[in-house]
Structure formats: structure tokens, C-alpha cells
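A short worksheet on the structure shown next.
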Amino acid sequence: MIHKLLVANRGEIARRIFATCRTLGIETVAVHSDADADAPFVAEADQAVRLPGNSSAETYLRIDLILDAARRCGADAVHPGYGFLAENADFATAVAEAGLTWVGPPAKAIAAMGDKLAAKTLLAEAGVPMLPSWTEADQVTDFPVLVKASAGGGGRGMRIVRDPAGLAEAVAGARREAASAFGDGTVFIERYVERGRHVEVQIVGDRHGTVLALGERDCSIQRRHQKIVEEAPALLDAEVRARLHRAAVAAGQAVDYVGAGTVEFLFTEEGEFFFLEMNTRLQVEHPVTEAVTGLDLVRLQLLVAEGAPLPLSATPPAQGHAIEVRLCAEDPAQGYRPAAGTLHRFAVPGVAAEFTPHQGLRLDSGVVDGSVVSVHYDSMLAKLIAWAPTRAEAARALAGALARAELHGVTTNRDLLVRVLRSPEFGATQVDTGFLDRHPEVLAPLLPPTELPLVALAAALASAAARRAAAPVLAGLPSGWRNVPAVPQVTRFTSGDGGEIEARYRLDRAGRLAHWSTSPVAADSTPATSTESDEASAETREAVTLVEAGPERVVLEVAGVRRAYRVHRVGSEVFVDGPDSAARLVESPRFPLPGAALAAGSLLAPLPGAVTRVHVEVGQQVAAGDLLLTLEAMKLEHPVFAPTDGVVTELPVPPGGQVDTGAVLAVVNPLEETT
């Protein structure tokens, strides 16, 4: 039996495995980089070992260091989690040769499925249906196609190509990204299904020859080929489900599979399905299967690794419906690029369980209040899972919990997820891999523009209340009260889209809101003075009654309806959570200091990373849309394009150079300024 388990992974993955270990009485060991020294998963382990080296993801790929950590802690088993080394056959072999129990499939099965090209050939012989594919660009006979990495997954190394002209560059880019993410730049080309459904089957096998399908999941809603919403069971008729499960079991049997794994398929609009790939590990989305089956899949992994037979002999029937969303640190204003920073507050209401199977609302998170979201790792912060008797109830509960969550300090994809769950098309199960392309309306923020003035007013009132609470004298005066009642209190904020807004209000001697207004601020304007009139350029002015104003809570009544706003201030940042939306505002100083101006035409780094390639030279004339350079961050490539026709006048960062957010990557002067 396993007594002490080392988990060769990090974040919510490690925390998930530790949770099951605690229920089974198994001691746990965490390994960590310097960047993760204070992470929650390190604190939760019974023992933890620092992995020497830098703070990047490569730290966790050092097999020799992980095995040394296991030896020093006396661990007798290793679980690879479901990332990093989870699908590394060499790691599985090294663990076994070190005399440790490997919690995963045999190295032979990992190797067979890790090479997606060889896997397609092997499973085709086992009768699993396949899409047409090619290994070289000049072999392609039909478009559109999808360029895919032979190793790894998660959408990295994928490119859609719709005509022959773009194929060569797509293959080259996919190879670079795959080599960076997986250490293997091998790619292949596959026929692309425009409106396909991505459905995967959870399988589990033991050492006694049993391979079972434990149900399926629909993971069709994706962005950049990465899943963001998953649900179980998939909506299939009984005959198709039976055929799908048989194909998945056949794939597992073809490689003598042991442990938990996932066989992924693509459904066409006509209802045909084809093999995509087999992931020889537990998947990020496994909680929805746990919710509808009641099984703890990590427990099954551990039991099978110990040599026990599976404690079930047939596929359990699904009970109810479960939906999972991946909450990621991403900036919607930057095309959902990964974001980094400090997570000042992370609170999701209504959570009934964490990391363990549950019929209700479950949270699997790698972060807590104060966690630092690093550029070195994947952008996913947490998974939120809702189970309910019906799909509609699960979607409603999940959307409501997300909308009310307090997520302060790092921008996220929360609004996108809520809008997807609440969209009529999702409710009608009209989902496929092109869902986001067809429904750009779900990219809109939850906070409507008409609500921003009230949010700004609430932020201004809360900030004034906080200053009044901290005042050493005259603490009894109402917050925001002025000795000259005709002059308003003025507070200027920068909103999430970079625009500025002024909130003006006046309280009477009893602390009631006598007057208020807001107005947008022109980019070149100066802060308002106390002598400016309320009536000047006011944009918003509606009847509002101030019910309550404190440093952390403001209640306003509008047209007889009360609205409560929760306010959290960190430095100059003000986070306001309203009835069904949230906003981040930055309060501007009343007397700002002059700062250095950027050169006109400066292109700034949207997040920290490394410049991998520079495609132009100083003095070169470029057209709008030309590729200037490529920035790599969080294992993804981010192209930087010329915003206008012009001439490149500066390239301050050479290939390989590291940059922080806001660093100047290039300067392009418009042509009219250079002639």
C-alpha cells in the first residue's frame, strides 16, 4: 500500500490530489519552485521540498530533482498530477526504476499515445474511426485543416489554416510553440471540422485487464483550442453513447491501459465521430464526471496503482448534470491574453465542497487571497463546478455564483463565462467548437456602460467614508460633508477600459445625498477644481437616495430599488462588486505629479514575457497589420502587429530579451510624420 505520496505538480492539481490522500490516510509531499514557495499547495502538504533552479515551469520538469526529493522525504509513490510530467514516459520509467510506485499508466502506454501520429495508426487498426491527416504540408489535399502538435495538448501548437498560402507559416509557428511548451516540435496536419463537438470519454483500467468507460463529457466551448466550459453527461442518444464508449474502451485495451485516462473524439454536424487523441492522465475537467457518477477518480487511481482491481464492473449511470468552468487570469481588453499580478481577494459564494466529489457547488482552486499569479505558469486560477438535477439548474447556479464572486487584483474571464452560461444558445444546447466565433456578444462585459456612473459614485462615497473613519479629528462629521454646501466633492477614476470618469456629489448637513452627477473625462483634461459647477458637462444625473455609505459597503436607492455595492480598496485601486457585475477603478490623485511621456507610436508589452523573434529592422517601412515581433508568455506566442502604416524607429528589445508589462517593444511612426 502507498504510505507517502509525492505529487510532481503544483497549484490546484496538487491540492486536488492531497484532498483524496487525506481521506485515505496517505501522507503527502509537495515539490515547488522559488516562485511557489508561499503557494497554498505547499502549505497543505505534510512535507515540501524546494526544487533548485529558476522559478519557471522548467523547474518542475527536472526528473532527477523530483526523484531526489522523493528519496529525501521517504516517499514510496509518485503521482504526476495532470500536467508537466504526467504524460512523460521517461518519467514513468525512472519512477519505477527507483523502486517507487507510479500512479499512472505504464510507460509503454504513455509512449504509444504520446506520439499522436503513431497513436492514430495504432488505434485505427483497433477499429477506432479517424479523420484524414498528413505529416507534410505538400501532402495536404483539402482545406480547411488544423496544424497540431504531436506531443502535448491544451491547444498549444495548434493553428487553423483555410488556404494553402498560410500553411507554411502556420506549420513553422506551431513547431516553435510546441517545442517551447512540450520540448518536441513535431506537428501534423488534420482535416478541420468547422462546427464540430468535442466529446471525450473517461476511461479507467486496472492491472487485471479491466478497462471501463465512466461516462463522457462535452467540452465543445473553447477559446484558442483550449476548453473553458465542460459538462457531463454529453447530450447523446443511447445508441451513439454506447458506440462511443466501445470505441474508447477499444483504445484503452489496444495499449493495455492502467489508471485513469481520457479518449477524445470530434463529432461532426451529421453525428459521426472521429478519434482526436488520448490523454494518458487525469483531465482538468474530471470533476464533472465525479459529480454525476459519485466516484473519486483520484482514489481509483491510487487503488489501481496499489494493484487492487477496480471496485466496479460496469459504467455507472449518470445522475443529474454537472458543468465546470475554467476561471483564468486573462485580460479581456487585451484579447484575453494571460494576466499576472497579485490576487487581493478571491471569494466565491455558496461553495459547498473543495477538491472532492460533491452534488452542489464545488471549487478546485490553486489560489487564495494574496496569491501572486506568475507569468511562469498556466493562467488558470480555479475550476468552479455546479451539479444539479437538470442542466438548466446547473447552468443557472454556476452563473450566479460566478457573477457574485469577488475577484480582485487580476483581470479574469469571469464575465465571458457568465455570459456563455446565460446565453440562449447554450441553454438550447446549441454548442460546438465555433461557439465563441458565432457569438461575439458573449465577450461583452457584465457591467453595462449605464451602470458605471453609479459604480463610480459608490466608489467615491466609500473612499470618502474610509478617509473619514481614519480621520484623527472631527470624526463625527458625515463623510464627504463640505462647509460650503454649493461646492461638490469631486473624485476622478480610471476605469477598466482606460477611460476616465468623474463622480461629483454633495451631502447635506444630515449626511444625505443632496446632489450627484458624473461625467466622462477627456484624455487631455486636467482634474476638476472645487469651483467647477455640478451642471458643467454632467452626463449622468438621476434621482438617487443614499441609504448607507461605509468604507466597504454602499447602498443606493434608484427609482425605489435599493442596490448594494461591496467595496474593497487596495492602495489607489477600488474594486466594486454590484448586484450582478463588478468593476475595477483606479482613483486618480488630486494633484498628479508630472511623468515622462512615451514616444508617439510606442507599442507596449501587454504582459511580462520574452521577445522570441524580431521580424523587422529599424528604418524599415511597414504596413498596418505587419508582424513586427513575437512575445512569448505563459507558454503562448503573442504576435505584435504594426497598428498603422509607418516606419520602425525603435526596437529596444533584442530577441531573447525579457520585458515587464508596459515595456516599449517597438516604436512605429506614421508615414505622415516621417515625410
Side-chain angles (χ1 to χ4, degrees), residues 1-88 91-92 94-95 98-104 259-260 281-282 284 286-287 296-299 301-302 305-306 343 346 354-356 363-383:
M1 297 184 71
I2 296 171
H3 298 284
K4 183 181 289 188
L5 179 74
L6 181 147
V7 177
N9 218 294
R10 62 179 298 278
E12 61 91 12
I13 297 172
R15 297 183 80 190
R16 165 67 187 95
I17 297 165
F18 292 163
T20 292
C21 286
R22 284 192 292 270
T23 66
L24 297 177
I26 297 174
E27 293 183 64
T28 56
V29 178
V31 291
H32 66 87
S33 67
D34 291 339
D36 281 338
D38 298 320
F41 79 93
V42 176
E44 289 180 6
D46 295 310
Q47 294 178 295
V49 180
R50 172 186 175 268
L51 298 178
N54 60 34
S55 297
S56 69
E58 282 71 24
T59 303
Y60 290 95
L61 301 179
R62 290 283 304 274
I63 294 174
D64 57 333
L65 298 180
I66 292 172
L67 293 180
D68 179 66
R71 178 188 56 79
R72 285 192 282 152
C73 286
D76 56 355
V78 173
H79 194 305
Y82 29 104
F84 290 133
L85 295 170
E87 294 181 283
N88 187 309
F91 185 39
V95 168
L100 305 173
T101 297
W102 168 252
V103 184
R281 55 180 167 84
L282 205 58
V284 171
H286 76 271
D296 183 330
L297 295 179
V298 174
R299 175 177 175 269
Q301 283 186 300
L302 295 170
E306 291 175 331
L343 194 61
F346 184 80
E354 294 185 72
F355 305 107
T356 54
L363 177 68
D364 285 15
S365 169
V367 296
V368 294
D369 289 0
S371 289
V372 175
V373 181
S374 168
V375 299
H376 300 300
Y377 309 113
D378 186 87
S379 63
M380 193 174 77
L381 302 174
K383 305 175 306 192

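Salt-bridge check for Asp34 with Arg50: passed, with a basic side-chain N closer than 4.0 Å to an acidic carboxylate O. Look at Arg16 and Asp296 and you find a salt bridge, because one of the NZ, NE, NH1 or NH2 atoms lies within 4.0 Å of a carboxylate O, short of that distance.
The distance from atom CD of Gln301 to atom CG of Leu282, rounded to the nearest 0.5 Å, is 4.5 Å. Atom CG of Leu61 and atom CD1 of Ile66 lie 7.5 Å apart (nearest 0.5 Å). One distance of note links CZ of Phe355 with CZ of Arg22; it measures 8.0 Å at 0.5 Å rounding. Within the model, atoms NE2 of His79 and CD1 of Ile13 stand 10.0 Å from one another, a figure rounded to the nearest 0.5 Å. How far NZ of Lys4 is from CG of Leu100: 12.0 Å, rounded to the nearest 0.5 Å. Note that the CD atom of Gln47 and the CD atom of Glu27 stand 6.5 Å from one another [nearest 0.5 Å].
A donor-acceptor contact shorter than 3.5 Å links the side chain of Asp369 to the backbone of Phe346. Ser371 contributes a side-chain N or O that, together with a main-chain N or O of Val368, makes up a donor-acceptor pair within less than 3.5 Å.
Atom CG of Asp38 has 12 or fewer heavy atoms from other residues, nucleotides or ligands within 6.0 Å. Within 6.0 Å of CZ on Arg299 lie no more than 12 heavy atoms contributed by other residues, nucleotides or ligands.
Taking all atoms of both residues into account, the shortest heavy-atom contact from Ser365 to Arg15 is O-NH1, 2.7 Å. The minimum heavy-atom distance linking Ala69 with Val49 is given by the pair CB-CG1, 3.7 Å. Taking all atoms of both residues into account, the shortest heavy-atom contact from Ala19 to Thr356 is CB-CG2, 4.1 Å. Nearest heavy atoms, Leu381 versus Val373: CD2-CG2, 3.6 Å. Closest approach of Ala86 and Trp102 over heavy atoms only: O-CZ2, 4.3 Å. Minimum interatomic distance between His32 and Ala48 (heavy atoms only, all atoms of both residues): CD2-CB, 4.2 Å.
Using bins of under 30°, 30° to 60° and over 60° for the plane-to-plane angle, the ring pair Phe84/Tyr60 lands in the parallel bin.
Lys383 places a side-chain heavy atom less than 4.5 Å from the side chain of His286. Counting heavy atoms from C-beta outward, Leu67 and Arg71 have side chains that stay 4.5 Å or more apart. Looking at heavy atoms from C-beta onward, Val31 lies in side-chain contact with Leu6 at the 4.5 angstrom threshold. The closest side-chain heavy-atom distance from Asp36 to Phe41 is below 4.5 Å. With a 4.5 Å cut-off on side-chain heavy atoms, Phe91 and Pro80 count as touching. Taking the side chain as every heavy atom from C-beta outward, Leu5 and Leu302 approach each other to under 4.5 Å. Using a 4.5 Å cut-off on side-chain heavy atoms (C-beta onward), Met380 and Val284 make contact. Counting heavy atoms from C-beta outward, Asp364 and Pro287 have side chains that approach closer than 4.5 Å.
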